[in-house]
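Chain identifiers are assigned alphabetically (A, B, ...) following the order of the sequence lines, protein sequences preceding nucleic acid strands; residue numbering begins at 1 within each chain.
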Number of protein chains: 2
Amino acid sequence: MGILSARQIKVLQAVIVVYIHSGEPVGSRTLSRSSAFQLSPATLRNVMADLEDEGFLCQPHTSAGRIPTDQGFRFYVNNLAGMAAVSPAARLHVREHLEVVGGRLEEVLHDGVLTLAQLTPYVGVVSMPDFRQMIIRHIRFVKLHERRILAVVVSVSGAVQNVLFDSDTNFSQDQLNHSSNYLNALLGDLTLSGIKRKVLQEMASDKRGYDELFKQVLALSKSFFAKDPEQQSDVMLDGKLNLLEHPEFADVERMKNIFRAFEEKGSILKILDGALGGEQLRVIIGSESCCEDMRHCSLVTAEYGRVDRTLGQIGVIGPTRMDYSRIIPLVNYIADAMSRRLQN
Amino acid sequence: MGILSARQIKVLQAVIVVYIHSGEPVGSRTLSRSSAFQLSPATLRNVMADLEDEGFLCQPHTSAGRIPTDQGFRFYVNNLAGMAAVSPAARLHVREHLEVVGGRLEEVLHDGVLTLAQLTPYVGVVSMPDFRQMIIRHIRFVKLHERRILAVVVSVSGAVQNVLFDSDTNFSQDQLNHSSNYLNALLGDLTLSGIKRKVLQEMASDKRGYDELFKQVLALSKSFFAKDPEQQSDVMLDGKLNLLEHPEFADVERMKNIFRAFEEKGSILKILDGALGGEQLRVIIGSESCCEDMRHCSLVTAEYGRVDRTLGQIGVIGPTRMDYSRIIPLVNYIADAMSRRLQN
DNA sequence: CGCTGGCACTCAAACTAAAAGAGTGCTAAC
DNA sequence: GTTAGCACTCTTTTAGTTTGAGTGCCAGCG
């Protein structure tokens, strides 16, 4: 037990390949006919029964064909799935729609999921970078009304976040400008919390002699950073309708579950960033996501970002019966394209 | 024909009320028993047959009860539906979740749809104001990188829009600040296009003598306003899952259609803003929306905004079999609460 | 010992038939 | 104008039957 014979592997692979394309339980007869097996249905039955004992296959009910279990798919993805090259059509599509110039971070991400939703029959998904972990290029304060201030924070990767807060004192826009300048001069390759720490340090070391400007910056920073936990970390989805085309989601109850998971994006985010800092590409199959509502879905995701720093995950959500050998390279390809675009 | 007798109206109303609560076709027997009618089923049958001839009722098939047509619902909403008072529970919920202080426009709108999605079994929907029609309070330019500039535009109602653009010349942040100040001094109760026009006018009248600063502003404005059509006008939806609970959407095909309409928000926006400038409250029943995918849905929407200016529509989308007498006052109530919150 | 053919068995899906139930339209009588 | 009665229609439900795909197991063969 545990280790599979060469023949078992070959049968397992055949079952999975057929199942991925047909969506129906596959029986011994089908297998014996279609594939290049020289074995009789009876023999295949024996092999399949063994594979079932090992947990790679299962039957929806007695006397139906076998379908792969999550464990079966896992073995397939890890060991058997040959990776198809990204089709020329897909490359062209990416070149035209994704590999364009610039744009805000949000737009780039949107282009990414949109492309995935168009090139696959699944749902495109991307986790938006945690703003708190992004390196800040600019902070600028805009006086709105009395003590109400809008901080515009721009990261190196082009993400823009607006933070609304109230300051204790009533600064003029000129004062805010000066403070902005001061703060921007200070920051170099730091995240928001890094900046916060640095400002506090400068204050502690009080080598600045507490000049007027510095006091302003301090007061402002205090109010501003109090608001910091304004966390926009989020996921973006596109192509939810694609799922409706798959027979496995004709069941209304199952559909509801998945759409529920989509609506409260927190659970998806948890799955996406769950094993953060792991491999560059991840495949999460069915119950591996530990999310009950997503038990019948798989995720294929890849990291995207700049060379030095991962920003988030982009990929697709589809039924466990997913065309992994086509999707995995595609997700990789698109993550790469996005990363390149973010690089400038 | 055309005009309905008192008895016909009474029957029509009874059919609709029963249907709204049961969701099943209602037959003459049910009606004769339940309601305060002193009429026999046979008589009711005659009346109902007449109502069907007039187009207010229809049968899913021979020998089923009658269900109201869109026209029937229309008559009900216009003439028969007694408006229920907003329940204390709903009032409390609104007070706690919607009638809070401040926040960006986007947050306010989000609170609005969320509240609707929680207080009704339908989908909350709000059309975001067309930024181009909003009165601008602030424009501020932030230098990002070389000639790449981020304009932060803030409206009086608290909407913030970031516009990314490239200027022809490489301004310093100080120059941008001065230009911002200049521009902000100029604008008073104007929309973006109003400002554009004004700047052009000032240029034409060249009474400024073409000083250095003004030239800057001009150059900047030219690049900035070139980007103007960056239209974010959009709709926000919440509570899509609610719809799945309704028996009328157990049919997968029908569900798909509606979710398709949700995904491409343009069509919804068209419906919402279609009869813009009309009544304060609108009810759109079934095919009246002229959107094939939404044929089985009704919308109840109300205008929201500041006293002097309508910003958009907020309301719900649900099955045509909607509890209008509860929903209409509720939507009104929530639109009011939102408008009040936006007022400050 | 591995493979195969044969056979009995199981189970879901498809089909058929019959019955039940709800409701209608129509007509004749009140 | 209203009603009771009746024949008719059509859906829904139930049950029973058949079909077909597939399995498990056993005995025999190389």
Rounding to a whole Å, what distance do you find between Arg7(B):CZ and dG1(D):P?
9 Å
N-O pairing of Arg295(A) and Glu292(A) below 4.0 Å
yes
Using 30° and 60° as the class boundaries, would you call the ring planes of Phe262(A) and Phe259(A) parallel, tilted or perpendicular?
tilted
So, are Arg74(A) and Glu288(A) salt-bridged, with charged N and O less than 4.0 Å apart?
yes
Just N and O in the side chain of Thr43(B): are any of them under 4.0 Å from OP1 or OP2 of dT2(D)?
no
Does the protein touch nucleotides 7-24 of chain D at the base, only the backbone, or not at all? Give it as B, S and - per nucleotide, heavy atoms under 4.0 Å.
--BBS---------BBBB
Using atom CD of Glu24(A) as one end and atom P of dA13(C) as the other, report the distance to the nearest whole Å.
10 Å
Once the angle between the rings of Phe73(B) and Tyr19(B) is folded into 0 to 90°, is it parallel (under 30°), tilted (30 to 60°) or perpendicular (over 60°)?
tilted
Below 4.0 angstrom, N of the basic side chain to O of the carboxylate: do Arg321(B) and Glu248(B) qualify?
yes
Ring pair (Phe, Tyr, Trp, His ring centres under 6.0 Å), that's the test. Do Phe56(B) and Tyr76(B) meet it? Break it down for me.
CA-CA 10 Å; Phe56(B) 294 96; Tyr76(B) 172 76; over 10 Å; no
Calculate the interatomic distance between Leu44(B) atom CG and dA22(C) atom C1'; express it in whole Å.
15 Å
If the threshold is 4.0 Å, N to carboxylate O, is there a salt bridge linking Arg282(B) and Glu303(B)?
no
Quickly, which of Val300(A), Ile327(A), Val331(A) forms a side chain to side chain contact (heavy atoms under 4.5 Å, CB included) with Val283(A)? Name it, please.
Val300(A)
Which atom pairs link the protein and nucleotides 27-30 of chain D when you take only N or O atoms and keep those under 3.5 Å?
none

